[in-house]
Amino acid sequence: VQEIVKKPITLAGSSYIGTLITCLVEHFLWSFGIHGSSIATSVMEPIWLSNAGENLKAFQDGATSLPHIVTYTFYENGIWMGGSGATLSVVIYMLLFAKSKLVKQVGKLSIGPSIFNINEPVVFGLPVVLNPFLMIPYIIAPIAVLTVTYFGTALGIFPHTTGVVIPWTTPYFISGFLMTGGKIGG
């Protein structure tokens with residue numbers, strides 16, 4: 001049973017479509033106040049960690065191309081800019097341009113955690129949860145980031161993640177350097 005089930009799930013977890021479905025489910029659940037990251041990514045995490053291990057081995061062996069685009073670090077650090085929903089840009093916008101005092105205050109409270117990819121202050125403070133006007137961009141933004149990052153990596157515009165697993169709370173401007181081994185382009 002393991003051999004029959006393992007190969008299709010591994011292929012799905014390594015593909016754009018499988019990662020897209022995971023991203024959709026994760027953010028849809030978050031939109032209703034359910035911790036989507038714990039539910040949706042828990043299925044794919046073992047696959048992504050295995051992919052990271054294969055990339056790391058190839059990187060250490062001096063390979064010129066790495067076997068996988070989607071790894072644990074690719075998803076956790078490459079897609080989550082400010083946490084699930086890629087909310088760092090929203091927090092910066094709230095902090096700098098919001099006209100509402102309440103929204104500006106949420107921005108002030110959220111900027112610190114958001115730098116470390118923790119976005120509960122935004123999700124529950126704005127709130128994104130159960131808010132149909134904010135749910136849609138909350139779901140679409142990480143899909144856009146995933147699409148650009150995946151295909152940019154596939155085309156060689158962005159470098160592959162080397163397989164080094166770094167904590168998801170690593171700030172975005174540091175994690176990009178660490179997850180690609182300091183490479184700038186593909």
Side-chain angles (χ1 to χ4, degrees), residues 1-27 29-30 35-89 112-120 139 141-186:
V1 171
Q2 182 179 359
E3 289 304 315
I4 294 169
V5 173
K6 181 181 175 185
K7 187 159 184 140
I9 290 176
T10 302
L11 288 172
S14 299
S15 71
Y16 169 74
I17 296 297
T19 308
L20 176 69
I21 291 169
T22 304
C23 191
L24 275 169
V25 170
E26 174 189 1
H27 293 89
L29 291 172
W30 265 116
H35 201 291
S37 305
S38 293
I39 296 168
T41 59
S42 64
V43 174
M44 295 300 183
E45 199 168 282
I47 296 163
W48 294 339
L49 286 169
S50 175
N51 289 353
E54 291 176 23
N55 275 14
L56 184 59
K57 182 168 180 0
F59 181 74
Q60 290 172 336
D61 291 344
T64 55
S65 91
L66 301 178
H68 301 286
I69 293 175
V70 181
T71 65
Y72 175 81
T73 306
F74 171 88
Y75 191 81
E76 300 278 326
N77 296 93
I79 307 303
W80 289 356
M81 293 178 283
S84 294
T87 56
L88 182 60
S89 58
S114 191
I115 289 170
F116 295 95
N117 299 324
I118 299 167
N119 69 340
E120 280 80 357
I139 294 170
I143 291 170
V145 174
L146 168 65
T147 302
V148 169
T149 306
Y150 184 91
F151 290 106
T153 303
L155 294 171
I157 298 168
F158 308 131
H160 281 67
T161 58
T162 60
V164 174
V165 176
I166 55 177
W168 61 269
T169 53
T170 305
Y172 186 69
F173 47 88
I174 298 170
S175 66
F177 178 79
L178 295 174
M179 71 187 195
T180 61
K183 289 186 180 178
I184 305 234

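Worth saying up front: this structure is predicted, and the values here are computed from it rather than measured.
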### For E54, all residues meeting side-chain hydrogen bond (donor to acceptor under 3.5 Å, both in side chains), sequence neighbours excluded
H68

### Message
Checking P46 now: which residues fulfil side-chain contact (heavy atoms from CB on, under 4.5 Å) with it, not counting sequence neighbours?
### Response
none

### Message
Pair F158, T180 - check side-chain contact (heavy atoms from CB on, under 4.5 Å), show working.
### Response
CA-CA 9 Å; F158 308 131; T180 61; over 6 Å; no

### Message
Quick check: closest heavy atoms across A12 and S15, and the distance to 0.1 Å?
### Response
O-OG, 2.9 Å

### Query
Which distance, rounded to the nearest 0.5 Å, do you find between the CG of L88 and the CG of N119?
10.5 Å

### CE on M44 to OG1 on T10, rounded to 0.5 Å
9.5 Å

#### Entry: Those residues that, when tested against T162, pass side-chain contact (heavy atoms from CB on, under 4.5 Å) (two or more places apart)
F59, V164

### Query
Sub-3.5 Å donor-acceptor pair from the side chain of W48 to the main-chain atoms of G13, do we have one?
yes

## Note on the structure
Those residues at least two apart in sequence (or on a different chain) that pass side-chain hydrogen bond (donor to acceptor under 3.5 Å, both in side chains) with S65 are none

### Query
Just how far is it from atom OG1 of T87 to atom CD of E120, taken to the nearest 0.5 Å?
9.0 Å

### N51 side chain to Y72 backbone, donor-acceptor under 3.5 Å
no

### Query
Quick check: are there more than 12 heavy atoms from other residues, nucleotides or ligands sitting under 6.0 Å from CG of L155?
yes

### With L29 via side-chain contact (heavy atoms from CB on, under 4.5 Å) - residues at least two apart
V25, I34, I39

#### Entry: Sequence-distant partners of S84, side-chain hydrogen bond (donor to acceptor under 3.5 Å, both in side chains), two or more places apart
E26, W30, S37

### Task
Can you measure from CG (N77) to OG1 (T149) and round to the nearest 0.5 angstrom?
11.5 Å

### Summary
Sequence neighbours excluded, the answer for side-chain contact (heavy atoms from CB on, under 4.5 Å) partners of L11 is K7

### Task
Sort and list the pairs that fulfil salt bridge (Lys or Arg N to Asp or Glu O under 4.0 Å) and have at least one residue in residues 157-181, not counting sequence neighbours.
none

### Summary
Of all heavy-atom pairs linking I69 and Y150, the shortest is CG2-CD1, 3.6 Å

### Message
Quick check for you: to the nearest 0.5 Å, what is the distance between I47 atom CD1 and T41 atom OG1?
### Response
11.5 Å

### Query
Can you name the nearest heavy-atom pair linking G85 to A141, along with the distance?
O-CB, 3.8 Å

## Note on the structure
Hits for ring pair (Phe, Tyr, Trp, His ring centres under 6.0 Å) against F151, two or more places apart or cross-chain, chain-then-number order -> Y16

### Task
Name all pairs fulfilling the salt bridge (Lys or Arg N to Asp or Glu O under 4.0 Å) condition that reach into residues 59-85, sequence neighbours left out, sorted by first residue then second.
K57-D61

### Query
So how far is it from F74 CZ to S14 OG, rounded to the nearest 0.5 Å?
11.5 Å

#### Entry: Shortest non-hydrogen contact between A52 and V165, atoms and distance
CB-CG2, 4.2 Å

### Qualifying side-chain hydrogen bond (donor to acceptor under 3.5 Å, both in side chains) pairs with a residue from residues 166-176, counting only residues at least two apart or across chains
none

### Summary
Nearest heavy-atom contact between F116 and P171 is CE2-CG, 3.6 Å

### Query
Is there a side-chain contact (heavy atoms from CB on, under 4.5 Å) between I166 and M179 once you walk through the steps?
CA-CA 7 Å; I166 55 177; M179 71 187 195; 4.2 Å; yes

### Message
Hydrogens and angles aside, do T161 and T73 bring a side-chain donor and acceptor to less than 3.5 Å of each other?
### Response
no

